[in-house]
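These notes are about the structure you will find just below.
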Amino acid sequence: MQLTENHRRYWRKNLVVTAILLLIWFIVTFGVSYFARALSFTFFGWPFSFWMGAQGALLVYGLIIGFYAWYMNRLDIEHGVADGDD
């Protein structure tokens with residue numbers, strides 16, 4: 001099967017959004033842990049690094065998954081590869 005320019009644009013956009021979301025995941029997962037001592041301000045009554053480890057990271061992961069699903073549905077429709085309800 002020969003790839004069209006539409007397929008290339010679709011795949012390029014998919015790779016870009018995946019790379020950005022993986023960068024956010026990396027910063028939330030490893031960045032906060034690595035700089036925990038420097039992030040010692042109070043956030044909702046707890047030290048920020050503790051709050052991110054206990055609840056914040058899970059919230060961010062959920063937002064990443066939700067954004068990816070929303071964006072890919074929109075991208076599928078834009079490039080004509082969406083699953084039909086037929």
Side-chain angles (χ1 to χ4, degrees):
M1 180 174 128
Q2 188 71 349
L3 292 179
T4 64
E5 187 58 33
N6 189 37
H7 288 103
R8 293 186 206 295
R9 280 194 313 270
Y10 174 82
W11 187 243
R12 196 173 310 121
K13 288 179 182 181
N14 183 1
L15 290 177
V16 168
V17 76
T18 301
I20 291 170
L21 294 176
L22 280 174
L23 179 64
I24 293 169
W25 167 82
F26 181 81
I27 290 169
V28 168
T29 302
F30 297 106
V32 173
S33 300
Y34 187 77
F35 295 108
R37 289 186 185 172
L39 298 172
S40 61
F41 58 90
T42 302
F43 189 76
F44 290 126
W46 298 92
F48 181 72
S49 58
F50 175 77
W51 187 85
M52 280 299 290
Q55 299 173 17
L58 293 174
L59 179 64
V60 173
Y61 299 155
L63 291 173
I64 287 173
I65 292 168
F67 175 79
Y68 184 77
W70 171 81
Y71 182 80
M72 289 309 295
N73 282 334
R74 198 184 94 205
L75 194 63
D76 288 350
I77 292 168
E78 178 183 324
H79 289 274
V81 294
D83 291 337
D85 293 337
D86 309 307

Problem set entry | Those residues that, when tested against Phe43, pass side chain to side chain contact (heavy atoms under 4.5 Å, CB included) (two or more places apart) | Phe41, Phe48, Trp51

Distance-only donor-acceptor hits, side chain of residues 52-65, under 3.5 Å, sequence neighbours excluded:
unit_1, atom_1, unit_2, atom_2, d
Tyr61, OH, Thr29, OG1, 2.5

Problem set entry | Residue list, ring-ring contact (aromatic ring centres under 6.0 Å, His included) with Phe26, at least two apart or on another chain | Phe30

For this session: Group every Ile, Leu, Val, Met, Phe, Trp and Tyr by side-chain heavy-atom contacts under 4.5 Å, then state whether Ile77 and Val81 land in the same group.
Result: no

Exercise. Given the rule that I, L, V, M, F, W and Y join up when any side-chain heavy atoms are under 4.5 Å apart, are Leu21 and Val16 in one cluster?
Worked result: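 Yes: a chain of side-chain contacts under 4.5 Å links Leu21 to Val16.
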
Exercise. With sequence neighbours left out, which residue pairs that include part of residues 47-75 fulfil the salt bridge (Lys or Arg N to Asp or Glu O under 4.0 Å) condition?
Worked result: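 Residue pairs with at least one partner in residues 47-75: there are none.
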
For this session: Can you sort out the partners of Asn14 under side-chain hydrogen bond (donor to acceptor under 3.5 Å, both in side chains), two or more places apart, ordered by chain and number?
Result: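 side-chain hydrogen bond (donor to acceptor under 3.5 Å, both in side chains) list for Asn14, sorted by chain: Thr18, Tyr68.
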
Exercise. Which other residues end up in the same hydrophobic cluster as Leu23, if Ile, Leu, Val, Met, Phe, Trp and Tyr are linked when side-chain heavy atoms come under 4.5 Å apart?
Worked result: Ile27

Gap separating the [atom1] atom of [X] from the [atom2] atom of [Y], nearest 0.5 angstrom:
{"X": "Ile20", "Y": "Tyr71", "atom1": "CD1", "atom2": "OH", "answer": "8.0 Å"}
{"X": "Arg8", "Y": "Arg12", "atom1": "CZ", "atom2": "CZ", "answer": "8.5 Å"}
{"X": "His79", "Y": "Trp11", "atom1": "NE2", "atom2": "CH2", "answer": "13.0 Å"}
{"X": "Glu78", "Y": "Asn6", "atom1": "CD", "atom2": "CG", "answer": "8.5 Å"}

